[in-house]
Amino acid sequence: MNSEIYLVKQNQLFWHSKLLSTNPVTLQIRSGILNTNWEKPDNLQIELKKYNTLQEGILDIGEMLKLKLRQGYHEIKPSEIVKTYEQISFPEAEYKYELDLKYKQFQQQKGEIDDKQLTKKEQIVQKIEKKQKLRQPGLGLPDKSCSELLDDATQGRLISVWPKYKMRPNLGENLGLGPTFSKSQRISCLLASNWTVSIDPKGYYMSEKLDGMRMIWTGMEMFTRNGYSLKFPSYFIEGWPTTYLDGELWINRGTFNKVLTSVRKRTADPNAWKIIKYMVFDAPFLQEPFSDRYAKLKKAIEKIKNPHLVYVPHKICKGKEHLAEELAEVQNNGGEGLMLRDPDSLYDGTRSKSLLKVKSSLDAEAVIIDYIEDTHMKKDDVLGGFLVRNEEGLEFEVGLGLKIGIKKQRPPIGTKITYKYCGLAENGYPKFPEFVRQYPQDI
């Protein structure tokens, strides 16, 4: 008696039997609907059958197999199907298989692996006809991936740069992006929540998540999200609107520390700022839905044509499969993940569900409240980790991911850090928190 048998009918229906126990003899029978090689959780039926002897179970399963074969089912290897109980929530890996396959496909294109290194299941999926990509309505951008659009934007391929010989005003106009600068107006930044698989991303505006330094432009000054002012060279802001903008100072993927080093000087270094761009994704005081705000800031930045002022290109998400495909490409290119934005949402200066970050691992911020000594190296000047408090007020230890330089440096109590984690435990605490980076206290 085979311990596991998997039958399919026209890649639309499945019937699965598995021997769970021999004492007593127990079979699990599962049946339902297939989406090519993925089991759909909808209409899934599960039945347990117990028998007094193994011979009795063999006879019963034999009769069931004969019936299914007469009905047009045929047998395949169980490993060729992604089963319902293998599909866990996205951040922990609901789409881990799809992401792994997409990554292998990129490796194939680069010649790093060949077809023989794909499993049978992956080869089946690869043969599925790709959906025709449609030009995104209303956004007016080329039909490219988020990663490709970001590269085009930062390299000036979406808008032409301003000719060097043309005279430019030091500051531009309002350009319809909200009220002009006022010392009485301060802004609280809109912060992203984590995307979960229960949220359908279809219709959301989607863009690559930047690993940059959050920055508010007031129309005259630059402030970090914590209210610290930055010095910048005059050429950097030539022609910029006299209204509020929200974005990030950015150089390229994986250059967060380089950005910090370049912009935190008391006197702006003109040479250091030459490679920095202000990547704009919102106009905070424009009281309109995000779809309208985005259209207006895109139009304004295209008119300004300052190579240091760039709008973050977005495209419309078609659904979870599209999201997984885009995430795979971004991470393959060294990016952090994706951002989703509700096109009908207003700017809300809190942590909001209207702005969602999508990554294969979750992350969050916390503040160091104490040190944990290293009991392994037994050196007085080396830390074992931090005791931190997150935004929910939970206190826990972060020790994974710390390099020796950080351990010896002992960042001051009160320093903000980013940590990543693998979902939440039942008590709400993050599982396996791992240090990612620390933030200077003046940012």
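Note that the numbering runs from 1 along the sequence shown for the chain. Atoms considered below: every heavy atom in the structure, side chains included; atoms not considered: hydrogens, waters and symmetry mates.
- For Arg293 and Asp282, the salt-bridge test passes: some basic side-chain N is under 4.0 Å from an acidic carboxylate O.
- Remark: the backbone N or O of Lys144 is paired with a side-chain donor or acceptor of Lys315 at under 3.5 angstrom.
- The two residues Cys317 and Pro201 have their closest heavy-atom pair at CB-O, 3.4 Å.
- Residues Asp200 and Lys320 are not paired through a salt bridge, judged by the lack of any N-O separation under 4.0 Å between the basic side chain and the carboxylate.
- When side chains are defined from C-beta on, Val367 does not count as touching Val388, because their heavy atoms never get closer than 4.5 Å.
- With 3.5 Å as the limit, one finds a donor-acceptor pair spanning the side chains of His16 and Glu4.
- When the side-chain hydrogen bond (donor to acceptor under 3.5 Å, both in side chains) test is applied to Glu148, the partners found at least two apart in sequence or on another chain are Ser145.
- Checking side-chain atoms of Asn333 against main-chain N and O of Gly335 turns up no donor-acceptor pair under 3.5 Å.
- Legend: residues meeting side-chain hydrogen bond (donor to acceptor under 3.5 Å, both in side chains) with Ser291, ordered by chain and number and at least two apart, are absent.
- When side chains are defined from C-beta on, Phe236 does not count as touching Pro270, because their heavy atoms never get closer than 4.5 Å.
- Annotation for Tyr235 and His308: closest pair CE1-NE2, 3.5 Å, computed over non-hydrogen atoms.
- In this structure, Arg341 is not positioned above the aromatic face of Tyr205 in the sense of NZ or CZ being under 6.0 Å from the six-membered ring centre and within 45° of the axis.
- Under 4.0 Å is where a charged nitrogen must lie from a carboxylate oxygen, and between Arg253 and Asp151 at least one such pair does.
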Item to check | ring pair (Phe, Tyr, Trp, His ring centres under 6.0 Å) evaluation trace for Tyr6 with Phe14 | outcome: CA-CA 7 Å; Tyr6 207 105; Phe14 74 91; 5.7 Å; yes
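- Remark: the backbone N or O of Asn257 is paired with a side-chain donor or acceptor of Thr261 at under 3.5 angstrom.
- In terms of the salt bridge (Lys or Arg N to Asp or Glu O under 4.0 Å) criterion, residue partners of Glu336 (sequence neighbours excluded) are, by chain and number, Lys209, Arg437.
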Item to check | Ser354 and Tyr347: CA distance, side-chain angles, deciding distance, side-chain hydrogen bond (donor to acceptor under 3.5 Å, both in side chains) verdict | outcome: CA-CA 9 Å; Ser354 68; Tyr347 192 96; over 6 Å; no
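- Side-chain contact between Phe256 and Tyr439: present, with at least one pair of heavy atoms (C-beta onward) separated by less than 4.5 Å.
- Taking a cutoff of 4.0 Å between a charged side-chain nitrogen and a carboxylate oxygen, Lys359 and Glu208 do not qualify as a salt bridge.
- Residues that satisfy the salt bridge (Lys or Arg N to Asp or Glu O under 4.0 Å) test with Glu395, not counting sequence neighbours, are Arg389.
- At a threshold of 4.5 Å between non-hydrogen side-chain atoms, the residues Asp246 and Val280 do not count as touching.
- Considering only residues two or more places apart in sequence or on other chains, Glu365 meets the side-chain hydrogen bond (donor to acceptor under 3.5 Å, both in side chains) condition with Arg225.
- In this structure, the side chain of Ser262 engages the main chain of Lys258 through a donor-acceptor pair within 3.5 Å.
- Contacts of Lys357 classified as salt bridge (Lys or Arg N to Asp or Glu O under 4.0 Å), with partners at least two apart in sequence or in another chain: Asp363.
- Two residues are said to be in side-chain contact when any heavy atoms from C-beta on lie closer than 4.5 Å; Pro241 and Leu245 meet this criterion.
- In this structure, Phe290 has its ring center closer than 6.0 angstrom to the ring center of His314.
- Counting heavy atoms from C-beta on, the side chains of Ile372 and Leu383 never come closer than 4.5 Å.
- When side chains are defined from C-beta on, Leu210 counts as touching Val312, because their heavy atoms get closer than 4.5 Å.
- Between Met215 and Thr224, some side-chain heavy-atom pair lies under the 4.5 Å cut-off.
- In this structure, Tyr311 and Tyr294 have perpendicular ring planes: the angle between them is above 60°, well past the 30° mark.
- Across Tyr278, Tyr244, Trp240, Phe281, a single residue satisfies ring pair (Phe, Tyr, Trp, His ring centres under 6.0 Å) together with Trp217, and that is Trp240.
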